[in-house]
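Below is one structure, written out as structure tokens; the observations come after it.
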Amino acid sequence: MACKKGANKRLFGDDFSVGGQKVSPEMSQMNLFEDDDKAEVGAGAATLNTIENTEHNYIFVNDAKGRKDLISLLEKTKEFAFDTETSSLDPLTCEIVGMSFSTEKGNGWYVPINEDDASWKDVVNEFKPLLEDPSKTIIGQNIKYDIQVMKQKGVQIAGTLFDTMLAHYIIDPDGKHGMDDLAMSYLSYEPVSIETLIGKKGKKQGSMKDLDPEKISDYASEDADITLQLKECFAPEVKERNGSKVFHEIECPLVYVLTDMEMEGIRVDKDFLSNYSGELQKELGERQEKVFELAGEEFNLNSPKQLGEVLFDRLKLDPKAKKTKTGQYKTDEATLQKLGKDHEIVESILDFRQLTKLKSTYVDALPQMINPSTGRVHTTFQQAVAATGRLSSYDPNLQNIPIRTQKGREVRKAFIARSDEFEILSTDYSQVELRIVASISGDEAMIEAFNSGMDIHTATAARVYGITPEEVSRDQRSSAKAVNFGIIYGQGAFGLAQNLGIKRTEAKEIIEQYFTKYAGLKQYMDDVVKKARETGYVETLTGRRRYLRDINSANFTVKSFAERNAINSPIQGSAADLIKIAMIDIHAEMKKRDLKSKMILQVHDELLFDVHLSEKDELKDMVTDLMQKAMKLKVPLVADAGFGANWLEAH
DNA sequence: CCGCCCACGC
DNA sequence: GACGTACGTGGGCGGA
């Protein structure tokens, strides 16, 4: 079968049978298939088929009759691949240029749309009932994008989804999930590149909108065709790898949730940020002057290279200064911190660094990301990037808004409710990863600690130091907290020592005590690594797998890294599964109750809502309840909630 | 344009 | 004794 990773490695010519294909009447434009002009094959080289040498029937549908026939054909099929062509990559502002469909291997239809024509909406509306039919299965590659485009154009896709990108993410989360990569790996096929249509990436790249629709047609139909073929390929593979539940019940339904959250966006207070930018600028100038004065010269303080040379070549602050692998001096926070507090310059440099980061990454960047038509910022959640199963957020990244420092936290005041009839609700899981590790490992002591409702770090300290919870000191609690976190990441004595600023031997003792008291945890960590060695993968609570190819590596460092992944991935991944389930449940319930409030953000263990004042109590109760019930663990799940005019107040 | 360094979150 | 905490995104620098 062509449907196998690495199929592209095989010699050309052994998988050309397209037999068994039904040929529909529409296949009148069949391109004749030539199989004798590509016989030269480099030894071992990948040989890819292309549109030029592959049987296909792609149809350009540019009149009312053609569309009517296509729609009635699609209405008779239970599932089809769907793709949109657009004028840009932003689904909220782009124009739609066309839609393509495929129902079986080798076929495809392209329906051009021109938003400059008065009748463009009529064309879209002809397809509306079909696309809004909840009984269809709609197959797409990164279908969230197409759903958003269509929603923007007034069509609410509602069917069961099969996203080939997400399917491959389930099959191999560490892999690449782009369509071209997938087509080459699994179908031995190299799709027409978008660059042949609109030019190379960069400023000069053209737009689909400016092309002759007929020129787009084959490219677009091919995309739908390939997507359909990938679906055929991935569906059994997902099942084979125990991924049916996480794929069909979590990832695909989540697409609709993320669609709505992204399109909803979040309101950002431009004036507040503009004021704050001024304040930061003022302080930045002061810090920089201070540094230059103490250094005795001016230089680019944003350049780690120049800074390192000033500190270590000129001022000779540390004769044993560490260098990076590229030969520069290390100047990161930990390094500078160690130089000692006696150097006044260090404090000013670190202040400058913090202020620069805040200003450039957040305070100045966010207002520029406000969508002029909604007045809100709309992040994109990536669902197939983090190998553990977590989401990521970009453009802007709203999952790394500062909170640790006072000056950083201020930024959160800029995230505000949509109007004075709304407030922000923040709900977050308490200690979710530790609860999950307690549950997965079955460690009696940790389960008991959570069941007692005690503060977990205090409970841990009491155990490790053999004292009562009341006797636990601040230092003991923070040591215990550091170990608890270290456990999740597979940290060793070295890391813990560094973290706590203690000797390695001390750290080692603490860890040993820890594992004596939480023997079940130690057992879990050993077991999961052993399981990874035997099977080659680890799994989350929903069956989400991560393959760890390096788990038996002869290279100590590489193997150790894989072992830490073996420990961490099921924990982090199960937490990701958990909140995704909660999001799907909450989204469904909000829709069912037809609430005015909206879910707007997810930050790994936290959800953010824009809440109508009339729904405050109802929503808070419903959300925390569904979060806590999302999975049944051996320990209680606890979700906390808070309201505020802005994100800082609510959290 | 891209790799590196650094820093923000969970 | 190696090596030294998981997962991300992004800004600015500096060299190609």
Side-chain angles (χ1 to χ4, degrees), chain A residues 173-174 200-203 299-308 323-336 349-350 352-366 369 379-382 384-405 407-409 411-412 428-429 431-434 437 482-499 504 507-508 538 546 548 554-573 575-576 579 601-606 651:
Chain A
D174 287 278
K200 280 216 197 306
K201 263 210 301 225
K203 275 203 159 78
F299 58 99
N300 185 349
L301 194 37
N302 284 314
S303 163
K305 187 169 182 286
Q306 294 182 34
L307 175 63
K323 297 204 174 180
T324 68
K325 58 185 161 192
T326 55
Q328 284 188 36
Y329 289 113
K330 268 184 87 93
T331 66
D332 63 10
E333 186 176 347
T335 306
L336 296 185
I349 292 166
L350 291 176
F352 179 89
R353 280 255 175 86
Q354 194 207 359
L355 296 166
T356 315
K357 173 75 178 178
L358 286 180
K359 185 166 183 291
S360 64
T361 308
Y362 303 105
V363 178
D364 290 347
L366 278 169
M369 308 291 291
T379 187
T380 302
F381 288 107
Q382 299 212 105
V385 165
T388 52
R390 272 192 177 179
L391 298 176
S392 76
S393 155
Y394 76 102
D395 260 7
N397 183 353
L398 297 182
Q399 292 183 322
N400 73 342
I401 303 300
I403 192 163
R404 234 180 59 247
T405 64
K407 288 196 178 72
R409 294 166 74 93
V411 174
R412 295 197 170 216
D428 66 305
Y429 280 114
Q431 303 298 348
V432 66
E433 292 191 344
L434 278 177
V437 79
V483 191
N484 277 335
F485 278 108
I487 292 307
I488 293 169
Y489 301 143
Q491 186 187 48
F494 181 93
L496 183 67
Q498 199 157 45
N499 221 329
R504 227 172 108 175
K508 194 157 169 267
V538 292
R546 184 172 187 191
L548 299 165
N555 181 320
F556 175 86
T557 308
V558 171
K559 189 174 82 169
S560 300
F561 192 75
E563 287 172 356
R564 290 196 294 277
N565 280 332
I567 293 165
N568 172 261
S569 294
I571 303 169
Q572 188 178 114
I579 196 165
L601 225 52
Q602 187 251 47
V603 191
H604 309 307
D605 63 358
E606 175 187 11
H651 188 81

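Sequence lines set the chain letters: A, B, ... in the order given, protein chains first and strands last, and positions in each chain run from 1.
With sequence neighbours left out, the salt bridge (Lys or Arg N to Asp or Glu O under 4.0 Å) criterion links A:K323 to no other residue. Remark: A:Q354 pairs with A:T405 by the side chain to side chain donor-acceptor pair (under 3.5 Å) rule, at least two apart or across chains. The salt bridge (Lys or Arg N to Asp or Glu O under 4.0 Å) search around A:R412 returns none, not counting sequence neighbours. Contacts of A:E606 classified as salt bridge (Lys or Arg N to Asp or Glu O under 4.0 Å), with partners at least two apart in sequence or in another chain: none. The ring pair (Phe, Tyr, Trp, His ring centres under 6.0 Å) search around A:Y329 returns A:F312, not counting sequence neighbours.
Residue A:R546 places at least one side-chain N or O under 4.0 Å from the OP1 or OP2 atom of C:dC7. Distances shown here put every side-chain N or O of A:R353 at or beyond 4.0 Å from the OP1 or OP2 atom of B:dC6. Between A:S560 and C:dG4 there is no side-chain N or O to OP1 or OP2 distance below 4.0 Å. For the OP1/OP2 pair of C:dT5 and a distance below 4.0 Å, the side-chain nitrogens and oxygens of A:R564 include no atom meeting the criterion.
Each salt bridge (Lys or Arg N to Asp or Glu O under 4.0 Å) pair with one or both residues in residues 486-495 of chain A, not counting sequence neighbours, would appear here, but there are none. Within the structure, salt bridge (Lys or Arg N to Asp or Glu O under 4.0 Å) contacts touching residues 484-499 of chain A (residues at least two apart or in different chains) do not occur. Residues in residues 325-335 of chain A take part in these salt bridge (Lys or Arg N to Asp or Glu O under 4.0 Å) pairs, two or more places apart or across chains: A:K330-A:D332.
Summarising the geometry, the separation between CD on A:Q572 and P on B:dC10 is reported as 13 Å, rounded to the nearest angstrom. Remark: P of C:dG8 and OH of A:Y489 are 13 Å apart, rounded to the nearest angstrom. Taking atom CZ on A:R404 and atom P on B:dA7, their separation rounds to 10 Å, with Å as the unit. Here C:dT5 presents its P atom at 17 Å from CD of A:E433, a figure rounded to the nearest Å. The separation between A:R409 atom CZ and B:dC8 atom P is 15 Å, rounded to whole Å. Rounded to an integer number of Å, the gap from CD of A:E563 to P of C:dT5 is 14 Å. One can place CG of A:L366 at 16 Å from P of C:dT9, the figure rounded to the nearest angstrom. Between the OH atom of A:Y362 and the P atom of B:dA7 there is a distance of 12 Å, rounded to whole Å.
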> Reading DNA chain C 5' to 3', how would its secondary structure be written in dot-bracket notation, given Watson-Crick and G-U pairs with both distances under 3.5 Å, brackets [ ] for crossing pairs and | for partners on other strands?
Replying inline: ......|||||||||.
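Separating the C1' atom of B:dG3 from that of C:dA6 is a span of 23 Å, rounded to the nearest Å. Spacing of C1' atoms, B:dC8 relative to C:dA2, comes out at 31 Å, to the nearest Å. If you take atom P in C:dC3 and the same atom in B:dA7, they sit 24 Å apart, rounded to whole Å.
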> Which letter, B, S or -, goes with each nucleotide of nucleotides 11-16 of chain C from 5' to 3', with contact meaning a protein heavy atom under 4.0 Å?
Replying inline: SSSSS-
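Interatomic distance, NZ of A:K359 versus NZ of A:K357, reported as 14.5 Å (0.5 Å rounding). To the nearest 0.5 Å, atoms NZ (A:K407) and CG (A:L358) are separated by 9.0 Å. Of the inter-residue distances, the one linking A:I401 atom CD1 with A:L601 atom CG reads 8.5 Å to the nearest 0.5 angstrom. Between the OG atom of A:S392 and the NE2 atom of A:H604 there is a distance of 8.0 Å, given to the nearest 0.5 Å.
At a threshold of 4.0 angstrom between heavy atoms, the contacts of A:F561 are confined to the sugar-phosphate backbone, with no base atom among them. Note on A:Q382: only backbone sugar-phosphate atoms sit closer than 4.0 angstrom, heavy atoms only; bases stay farther off. Nucleic acid contact for A:I567: none, since no nucleic acid atom lies under 4.0 Å from a heavy atom of the residue. Within the 4.0 angstrom heavy-atom criterion, base atoms lie near A:R504. Residue-level contact check: A:I488 touches neither bases nor backbone, having no heavy atom under 4.0 Å from any strand. A:G486 comes within contact range of no nucleotide atom at all, as no heavy-atom separation falls under 4.0 Å. Backbone-only engagement by A:E333 is indicated by non-hydrogen atom pairs under 4.0 Å involving sugar-phosphate atoms exclusively.
Closest approach to the A:T326 side chain among B:dC8, C:dC7, B:dC5 is made by B:dC5 (side chain taken as heavy atoms from C-beta onward). Taking only side-chain atoms of A:D605, from C-beta outward, the nucleotide of B:dC5, B:dC6, B:dC10 with the closest atom is B:dC10. Of the candidate nucleotides B:dC10, C:dG8, C:dC3, C:dC3 has the atom nearest to the side chain of A:T557. Distance from the side chain of A:A386 is smallest to C:dC7 among C:dC7, C:dT5, C:dT9.
Within residues 388-397 of chain A, the residues that place at least one heavy atom under 4.0 Å from DNA chain C are, in residue-number order, A:T388, A:R390, A:S392, A:S393, A:Y394, A:D395, A:N397.
Nearest approach of A:T379 to A:P396, heavy atoms of both residues: OG1-O, 2.7 Å.
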Less than 3.5 Å apart, which donor and acceptor atoms pair up between the side chains of residues 482-497 of chain A and the rest of the protein, not counting sequence neighbours?
{"unit_1": "A:N484", "atom_1": "OD1", "unit_2": "A:Y514", "atom_2": "OH", "d": "2.6"}
{"unit_1": "A:N484", "atom_1": "ND2", "unit_2": "A:H457", "atom_2": "ND1", "d": "3.0"}
{"unit_1": "A:N484", "atom_1": "ND2", "unit_2": "A:T460", "atom_2": "OG1", "d": "3.2"}
{"unit_1": "A:Q491", "atom_1": "NE2", "unit_2": "A:G495", "atom_2": "O", "d": "3.4"}

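Mapping A:A387 and A:F494 onto DNA chain C by nearest heavy atom places A:F494 closer to the 5' end of the strand.
For C:dT5, its base never sits under 3.5 Å from the side chain of A:N568 at any donor and acceptor pair.
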